[in-house]
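Here is the structure we will look at, set down as structure tokens.
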Amino acid sequence: DLVVTGVQTCALPIYSINLNLKIPEVKTCDSSLQSPSHNLDPGESATNSLTLTNTGNTAWTVSAFATSEGTDVSDWVDFETPTSRLLSEPGGSQDTTSFDFEITPDDSVEPGTVDVYIQGRAGSSIGCESLLRVNLGQVHDASLSLSNPTLNNVDPGATASTSMMVTNTGNGQDNYKIFKSFLAPE
């Protein structure tokens, strides 16, 4: 609200202004990571730490969160508890906090670089974030099954067959070679 009134007495005008200002709470922070990247194979773990400093204009509760565009990393990152902490006003004795965490990528993503954003949030609003690059290795794995694992009563000179299914259970494209070997009769 802005109200301006004026009263003129003598030769000098006198003005009175009533101002009502509402200053919004700003919940922002600066963030840094102990290590900006990790080279990991699926299932391997690394530890890291996120440090946050309040740059807003009020005390606020910050929560640690991890996200990645196009990849669900919610199960990859395990933050120490509590995952929410109060940051005092900037310049206060508790305007900085650190969250230790462990990251363990799974094999749901193909090998390569995965950008994981480690964030300090005020509710659902992002106060700050730091980029953690995960250079994800490849898991070479497969499963094999036979449509009929046992061929019984096959006469000499006769033919019997079964189908083999090979499934890539790794996290990237792969080439497989299939070899045969003969087992001695028992």
Side-chain angles (χ1 to χ4, degrees), residues 1-8 12-139 141 170-172:
D1 300 333
L2 177 61
V3 178
V4 178
T5 57
V7 178
Q8 186 172 358
L12 298 173
I14 299 173
Y15 293 99
S16 171
I17 299 175
N18 294 326
L19 296 174
N20 290 325
L21 297 175
K22 181 169 180 159
I23 307 295
E25 289 184 338
V26 177
K27 298 176 180 178
T28 57
C29 50
D30 282 337
S31 63
S32 63
L33 292 169
Q34 181 181 17
S35 177
S37 67
H38 294 295
N39 297 317
L40 296 170
D41 287 332
E44 289 183 334
S45 297
T47 57
N48 207 327
S49 183
L50 172 70
T51 300
L52 305 166
T53 302
N54 189 354
T55 59
N57 64 359
T58 186
W60 57 285
T61 299
V62 63
S63 299
F65 193 79
T67 187
S68 181
E69 194 172 308
T71 302
D72 180 8
V73 295
S74 58
D75 290 337
W76 289 21
V77 180
D78 185 24
F79 291 99
E80 70 174 332
T81 56
T83 57
S84 296
R85 304 197 185 135
L86 181 64
L87 289 175
S88 65
E89 289 186 18
S93 64
Q94 295 181 340
D95 69 346
T96 298
T97 190
S98 293
F99 292 95
D100 293 334
F101 64 92
E102 185 173 78
I103 183 163
T104 308
D106 59 32
D107 62 0
S108 63
V109 178
E110 290 200 9
T113 301
V114 180
D115 290 342
V116 178
Y117 294 91
I118 308 296
Q119 301 173 334
R121 290 189 175 185
S124 61
S125 299
I126 300 170
C128 56
E129 66 184 3
S130 290
L131 173 62
L132 174 60
R133 282 237 151 98
V134 178
N135 300 308
L136 188 62
Q138 183 166 355
V139 171
D141 204 2
N171 68 328

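By convention here, the first residue in the shown sequence is residue 1.
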So OG1 of Thr113 and CG of Leu136: to nearest 0.5 Å the spacing works out to 9.0 Å

All heavy atoms of Ala59 vs all of Glu89, minimum pair found to be N-CG, 3.5 Å

For the student: nearest non-hydrogen atoms of Asn48 and His38, plus distance
ND2-NE2, 3.1 Å

What residue pairs, at least two apart or across chains, pass ring-ring contact (aromatic ring centres under 6.0 Å, His included) with a residue in residues 79-101?
Phe79-Phe101

Calculate, to the nearest 0.5 Å, the distance between atoms CD and CG belonging to Gln34 and Asp100 respectively.
7.5 Å

Is a side-chain donor or acceptor of Asp95 paired with a backbone partner of Asn54 at a separation under 3.5 angstrom?
no

What residues, two or more places apart in sequence or in another chain, satisfy side-chain hydrogen bond (donor to acceptor under 3.5 Å, both in side chains) together with Asn39?
Asn135

Are the side chain of Asp107 and the backbone of Asn171 linked by a donor-acceptor contact shorter than 3.5 Å?
no

Could you tell me whether the side chain of Ser37 reaches within less than 4.5 Å of the side chain of Val134, counting heavy atoms only?
no

So does Gln94 have more than 12 non-hydrogen atoms from other groups sitting under 6.0 Å from CD?
no

Shortest non-hydrogen contact between Trp76 and Val109, atoms and distance:
CZ2-CG2, 3.8 Å

Does a sphere of radius 6.0 Å around CG in Asp75 hold more than 12 heavy atoms from other residues, nucleotides or ligands, not counting ones at 6.0 Å or beyond?
no

How many angstroms lie between atom CZ of Arg121 and atom CZ of Phe65, to the nearest 0.5 angstrom?
4.0 Å

Sidechain N-carboxylate O distance under 4.0 Å for Glu80, Arg85:
yes

Which heavy atom of Thr55 sits nearest a heavy atom of Asp30, and at what distance?
CG2-OD2, 3.5 Å

Min side-chain heavy-atom separation Ile23-Asn57 under 4.5 Å
yes

Rounding to 0.5 Å, atoms OG1 (Thr104) and CG (Asp41) come to a distance of 12.5 Å

To the nearest 0.5 angstrom, please state how far the CG atom of Leu33 sits from the CZ atom of Arg133.
12.5 Å

d(Lys27 NZ, Cys128 SG) to nearest 0.5 Å is 14.0 Å

Take Val26 and Thr58 through the side chain to side chain contact (heavy atoms under 4.5 Å, CB included) test and state the conclusion after the steps.
CA-CA 7 Å; Val26 177; Thr58 186; over 6 Å; no

Closest heavy-atom pair and its distance - Leu52, Ser31:
CD2-CB, 3.5 Å

With distance as the sole test, does Ser84 use its side chain to make a donor-acceptor pair with the main-chain N or O of Ser63 at under 3.5 Å?
no

Do side-chain atoms of Ser68 reach the backbone of Asp115 as a donor and acceptor pair under 3.5 angstrom?
yes

With no hydrogens and no angle check, do the side chains of Ser32 and Thr51 hold a donor and an acceptor under 3.5 Å apart?
no

Which heavy atom in Pro42 sits nearest to a heavy atom in Gly137, and how many Å separate them?
CD-O, 3.4 Å

Are side-chain heavy atoms of Val116 and Thr67 found at a separation under 4.5 Å?
no

